[in-house]
Amino acid sequence: MSQDNIIQVQDLVKVYPGEVKALSGINFSVGCGEFFGFLGPNGAGKSTTIKILSTLLKKTSGGVSVAGFDLDQSSSSMRIRSAIGFAMQEVGLDDLSSGMDFLVMQGLLYKLGRREAKTRAEELLELVGLTDVAKRKVGTYSGGMRRRIDLAGALVHHPEILFLDEPTTGLDPQSRLAIWDHLKELHGQGTTILLTTQIMEEADQLCERLAIIDNGQIVAEGTPKSLKNDMGDDFVRISLGSATDELNAKALALVSDQSYVSGSSVDEDGLVINVQDGDASAPRLLKLLIENDIEIARLAVSRPTLDDVFLQHTGRNIRGDSADGDAYNQIVRQSMGVRRR
Amino acid sequence: MGGILSETFSIYRRNMRTWLGVPANVIAPLFISGLLFILFGSMFERTISLGGFGTEDYRAFLVAWIIVQVVVFSGTDSGFALLMDIMSGYFDKLLLAPINRFSILFGTLMVSGTRALLQALVVVGLALAVGVDFAAGILGVLAMLALAVLFGLVWSCLGIMIALKTRNAQATQTAGLLFFPFIFLTTAFMPEDQLSGWFAVAVKINPVTYVMEAMRVMTLDGWEWGTIFTGVWVAGGMLAVLLAATTWMYRRQTA
């Protein structure tokens with residue numbers, strides 16, 4: 001895999017008619033063969049970006065190069081289109097065509113001969129497991145089947161780069177996993193993939209590198225791991241067998257003396273202990289408390305998730321609702337002073 | 001340029017499949033044409049005695065109008081078909097392909113032409129079945145069909161422009177109502193001699209009248225070149241203007 005960036009974006013700005021600013025100067029690049037993700041809520045600018053990169057939408061300003069072609073040169077858009085495949089959010093499917101006909105048509109659009117297109121369509125149907133329903137109209141397909149046929153349609157010409165706009169939004173978990181498997185396989189074969197998503201797990205599982213986008217700006221960028229590490233400590237949460245104030249205070253004093261503990265507090269559920277490595281610290285904390293005859297009712301380790309990363313950078317949850325997700329979120333908000341007791 | 005031809009043809013085939021895939025799309029206009037032909041043919045049969053029709057067979061007089069109304073009304077179908085693709089996102093999928101974007105427009109227009117041809121053909125068949133004798137013979141019938149295709153394209157351009165402008169399915173279908181006056185402010189049911197007042201003036205101004213009259217003389221009188229040429233010129237001129245306008249609008253919207 002080469003070091004070259006197959007996608008290069010500089011100061012990309014998009015202003016829609018009516019002065020609606022969708023992108024206010026974003027910069028990023030994607031390496032050849034990389035699996036890159038755009039994570040952000042609805043309206044963040046993910047689709048706008050991917051549509052500009054795929055030549056569907058005109059940019060307002062900025063520099064974009066895709067597959068080595070500069071978007072500003074008039075001959076580029078045709079070349080870019082030949083190099084990319086695009087599976088869309090508002091699945092652009094032809095409901096009245098059969099799955100087979102849809103794929104053959106895709107083949108013809110990408111300059112395959114009729115026979116070649118047919119062979120390729122059969123291959124792709126096999127690949128996405130839709131051979132059995134090849135003759136059925138696409139309009140009768142389930143949500144998961146639609147995404148799969150759409151993905152197959154984006155692959156007819158063996159594109160160098162695959163754009164995926166929220167490929168699994170609205171799918172059931174099983175269908176989602178099926179799509180993920182396909183994407184992992186394609187990535188394994190060397191295809192560069194640029195994916196947008198608002199599903200944390202998807203970003204976490206699939207993407208080598210992520211950009212978190214919000215209000216038309218990239219607010220954080222890095223590998224999922226580094227983004228989470230930047231969030232800081234893990235948390236170990238311990239509820240005592242009999243949670244008297246006295247006992248809590250005693251436990252807190254013991255715990256906070258430990259070198260590997262970087263912070264500790266008590267809330268209504270018990271002790272909240274900040275540590276570097278939650279998994280390694282939990283047994284030590286357990287041992288410490290038991291040795292001091294403090295009975296433990298519950299223990300839980302939590303570490304930063306991408307949800308927390310997102311919350312940190314945007315000040316809200318990706319779904320747009322108030323952030324009352326998991327325990328970790330609550331702890332973070334407490335430690336940030338969002339919720340006071 | 002070889003590319004755009006095969007691209008257009010691929011898109012044409014796909015659009016035809018889509019059109020034929022919904023039987024109602026095909027049957028409804030054919031049914032309406034047949035119905036209008038039989039209803040109006042019987043309703044106004046006796047008016048022939050008023051004179052000035054140039055024939056003793058009212059149905060023969062009616063043929064040209066039936067053809068014109070069916071191709072005019074189907075103009076919105078082209079816009080509607082394009083709009084369906086825009087709304088489903090399939091249009092974007094086509095734009096993403098490394099093809100000339102005008103092949104999408106031309107493929108859509110070719111379907112309109114085919115549809116106009118088939119619809120006109122059914123009317124002609126119906127006319128022959130009830131004993132209408134086409135004065136200009138088989139070549140006349142072919143010329144009428146060609147003119148029907150030409151004129152069908154004119155109204156398809158309008159339909160497509162309305163669809164591109166409104167981006168709304170209901171508006172596109174309702175816009176077909178705007179076509180009504182053009183169809184009825186003609187020598188649809190009565191010859192020019194029988195018309196009077198503002199109506200006669202409106203009929204003179206309406207370009208549809210001339211196209212219809214060209215078809216009518218081929219049905220009733222034979223090769224009356226003056227009337228035929230006028231009709232062809234009017235249809236051809238309208239097509240040239242509207243095709244340019246449609247192409248311009250399409251270019252602007254897909255850039």
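To find a chain, count down the sequence lines: A is the first, B the second, and so on, and within it residues start at 1.
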For this session: Could you check R14(B) against S97(A) for side chain to side chain donor-acceptor pair (under 3.5 Å), going step by step and ending with a plain yes or no?
Result: CA-CA 8 Å; R14(B) 178 264 166 187; S97(A) 282; 4.9 Å; no
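- Annotation: the span from S82(A) atom OG to I99(B) atom CD1 amounts to 11.0 Å, rounded to 0.5 Å.
- The 12-atom threshold is exceeded at CZ of F179(B), counting heavy atoms of other residues, nucleotides or ligands nearer than 6.0 Å.
- Heavy atoms from other residues, nucleotides or ligands lying under 6.0 Å from CZ of R13(B) number 12 at most.
- Within residues 130-139 of chain A, no residue has any heavy atom less than 4.5 Å from a heavy atom of chain B.
- Across all non-hydrogen atoms, the minimal contact from Q106(A) to K93(B) is OE1-CG, 3.4 Å.
- In Q170(B), the CD atom is not crowded: 12 or fewer heavy atoms of neighbouring residues, nucleotides or ligands sit closer than 6.0 Å.
- Within a 6.0 Å radius of CZ in F40(B), other residues, nucleotides and ligands contribute more than 12 heavy atoms.
- Crowding of F31(B) atom CZ: a count of heavy atoms from other residues, nucleotides or ligands under 6.0 Å not exceeding 12.
- Within residues 109-125 of chain A, the residues approaching chain B closer than 4.5 Å by heavy atoms are, in numerical order, L109(A), Y110(A), K111(A), R114(A).
- Distance NZ/K51(A) to CG/D92(B): 5.5 Å, rounded to 0.5 Å.
- Ranked by heavy-atom pairs under 4.5 Å with chain B, the first of L108(A), I80(A), D94(A) is D94(A).
- The neighbour count for K165(B) NZ, taken as heavy atoms of other residues, nucleotides or ligands under 6.0 Å away, does not exceed 12.
- Proximity to chain B involves both the backbone and the side chain of M78(A), based on heavy atoms less than 4.5 angstrom apart.
- Taking CG of D85(B) as the start and CG of D95(A) as the end, the distance is 10.0 Å to the nearest 0.5 Å.
- In this structure, M105(A) CE and L94(B) CG are separated by 6.0 Å, a value rounded to the nearest 0.5 Å.
- Between the CG atom in L95(B) and the CG atom in L56(A) there is a gap of 6.5 Å [rounded to 0.5 Å].
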